[in-house]
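This report refers to the structure that appears directly beneath it.
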Number of protein chains: 2
Amino acid sequence: MSRTLPEPSADSLDLTVVLSALADPARRALMAALYRNAEPVDCSAVVAETDLDLSTPTISHHYRVLREAGLTRTVAQGRKRIVTVRHDDMEARFPGLLAAVLAPR
Amino acid sequence: MSRTLPEPSADSLDLTVVLSALADPARRALMAALYRNAEPVDCSAVVAETDLDLSTPTISHHYRVLREAGLTRTVAQGRKRIVTVRHDDMEARFPGLLAAVLAPR
DNA sequence: CAAATTCTTTGACGCTCATCGAACGATAGC
DNA sequence: GCTATCGTTCGATGAGCGTCAAAGAATTTG
């Protein structure tokens, strides 16, 4: 059993919301970790790949912002949340943006 | 006579600062107008190309943020300020970013 | 010099945001 | 059924931001 958490449709993605989400270093660190790992993983596994030192409420808040911006898709599986980057939707709406923002260094 | 207002060096551009600057719709409108006009123009002429309805202090504030983020170069000429996009510096540091963010529509 | 133009600075106001601790919810495992 | 695990929600706090009116530079023009 799994359910996808509410998210904006592909054509309703707003650049202001997207850029505001990406402007935060912590969220960008999460996105970068998600971006390079092809395999879907749960929230805490992603955090483990970063060097973020934030409380779980704060991490949860950042995931929500990313999801509500349309940058990620979150699927609830059991007590875990599987988070993936919405590559295609982002590329269709803002071509090249993720690559430019999440490019290594 | 003309003098260039203080701005960050090309290699000290910070993505967080850049994205924060671009996240605001008003600043993005200014950037878009600057981006498409090749010829350098003064502040108020740029504003005239947009449909922004903001007080002059607010406009001035936004120009400052853009300049301090390293997105624009401002040269004081007489009582005017000539603002240009730092294309090359931005492209060197964050390839494709401006194109992705300032693409029409 | 005086007046008009162009832009900046200052100070204030309201709002949003990142962060945390504490409490809660849901699920898996024993 | 307990208990541990993974994550969310709530409430609060402190910092920062976008905005404006008023006042201040700096420069051109009459």
Side-chain angles (χ1 to χ4, degrees), chain A residues 1-7 14 16-31 33-34 40-69 71-84, chain B residues 1-7 14 16-31 33-34 40-69 71-84:
Chain A
M1 245 272 315
S2 72
R3 72 190 171 90
T4 301
L5 272 55
E7 65 184 22
D14 178 43
T16 298
V17 177
V18 166
L19 289 179
S20 298
L22 291 173
D24 185 271
R27 285 193 291 264
R28 226 162 46 238
L30 291 176
M31 281 297 293
L34 289 168
V41 280
D42 60 296
C43 290
S44 49
V46 176
V47 176
E49 292 182 30
T50 72
D51 53 353
L52 293 175
D53 185 29
L54 296 171
S55 67
T56 38
T58 300
I59 294 289
S60 183
H61 162 69
H62 285 317
Y63 274 123
R64 172 200 273 262
V65 172
L66 290 174
R67 173 173 54 83
E68 292 183 342
L71 284 160
T72 59
R73 169 162 297 128
T74 304
V75 178
Q77 273 188 13
R79 53 190 172 185
K80 297 188 174 182
R81 302 288 183 275
I82 308 300
V83 185
T84 53
Chain B
M1 245 273 315
S2 72
R3 71 189 172 88
T4 301
L5 271 56
E7 65 184 23
D14 178 40
T16 297
V17 177
V18 166
L19 289 179
S20 299
L22 291 173
D24 185 89
R27 284 193 291 264
R28 227 163 43 240
L30 291 175
M31 281 297 293
L34 290 167
V41 279
D42 60 294
C43 290
S44 48
V46 176
V47 176
E49 293 182 29
T50 72
D51 52 355
L52 294 175
D53 185 27
L54 296 171
S55 67
T56 38
T58 300
I59 294 290
S60 183
H61 163 69
H62 285 317
Y63 274 123
R64 173 200 273 263
V65 172
L66 291 175
R67 174 173 54 84
E68 292 181 342
L71 283 160
T72 59
R73 169 162 297 128
T74 304
V75 178
Q77 270 188 14
R79 55 189 171 186
K80 297 188 174 183
R81 304 288 184 275
I82 308 299
V83 184
T84 53

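Lettering follows sequence order; numbering is per chain, from 1.
Using a 4.0 Å cut-off on heavy atoms, the residues of residues 41-48 of chain A that approach DNA chain D are D42(A), C43(A), S44(A), listed by number.
A straight line from CZ of R28(A) to P of dA18(C) spans 12 Å, rounded to a whole angstrom. Summarising the geometry, the separation between CZ on R67(B) and C1' on dT9(C) is reported as 13 Å, rounded to the nearest angstrom. The interatomic distance linking H61(A) (NE2) with dA18(C) (P) rounds to 4 Å, in whole Å. Whole-Å rounding puts the H62(B) NE2 to dC7(C) C1' distance at 15 Å. Here dA18(C) presents its C1' atom at 16 Å from OH of Y63(A), a figure rounded to the nearest Å. The distance between atom CD1 of I59(B) and atom C1' of dT9(C), rounded to the nearest whole Å, is 16 Å.
Pairing each heavy atom of A29(B) with each of T50(B), the nearest pair is O-CG2, 3.6 Å. Shown here for L22(A) and R28(A), the closest heavy-atom pair between the two residues is O-NH1, 2.9 Å.
When heavy atoms are screened at a 4.0 angstrom cut-off, L54(A) is found touching the sugar-phosphate backbone but no base atom. Within the nucleic acid shown, R3(B) has no heavy atom closer than 4.0 Å to any nucleic acid atom.
Counting heavy atoms from C-beta on, the side chains of Q77(A) and D42(A) never come closer than 4.5 Å.
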- Please lay out, stage by stage, how V83(B) and Y63(B) fare under the test side-chain contact (heavy atoms from CB on, under 4.5 Å). CA-CA 9 Å; V83(B) 184; Y63(B) 274 123; 4.1 Å; yes

- Query: Where do T72(B) and E7(B) land on the side-chain contact (heavy atoms from CB on, under 4.5 Å) test, with the steps shown first?
  - Reply: CA-CA 8 Å; T72(B) 59; E7(B) 65 184 23; over 6 Å; no

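Look at T58(A) and you won't find any side-chain N or O under 4.0 angstrom from OP1 or OP2 of dT19(C).
Interface limits on DNA chain D: the 5'-most and 3'-most nucleotides within less than 4.0 Å of chain A heavy atoms are dA4(D) to dT9(D).
Mapping R27(B) and L5(A) onto DNA chain D by nearest heavy atom places L5(A) closer to the 5' end of the strand.
Although no hydrogens or angles enter the test, the distance criterion places no donor-acceptor pair under 3.5 Å between the side chain of S60(B) and the main chain of T56(B). In this structure a side-chain-to-backbone donor-acceptor pair under 3.5 Å is present from R67(A) to P6(A).
Checked against side chain to side chain contact (heavy atoms under 4.5 Å, CB included), D24(A) has the following partners two or more places apart in sequence or in another chain: A26(A), R27(A), H62(A). The side chain to side chain donor-acceptor pair (under 3.5 Å) test applied to T84(B) returns no partner, not counting sequence neighbours. Every salt bridge (charged side-chain N to carboxylate O under 4.0 Å, His left out) that R64(B) has, sequence neighbours left out, goes to E68(B).
None of I59(B), I82(B), L52(B), L34(B) except one satisfies the side chain to side chain contact (heavy atoms under 4.5 Å, CB included) rule with V46(B); the exception is L34(B).
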- Base versus backbone protein contacts along nucleotides 22-30 of chain C [heavy-atom cut-off under 4.0 Å; B, S, -]: B----BS--

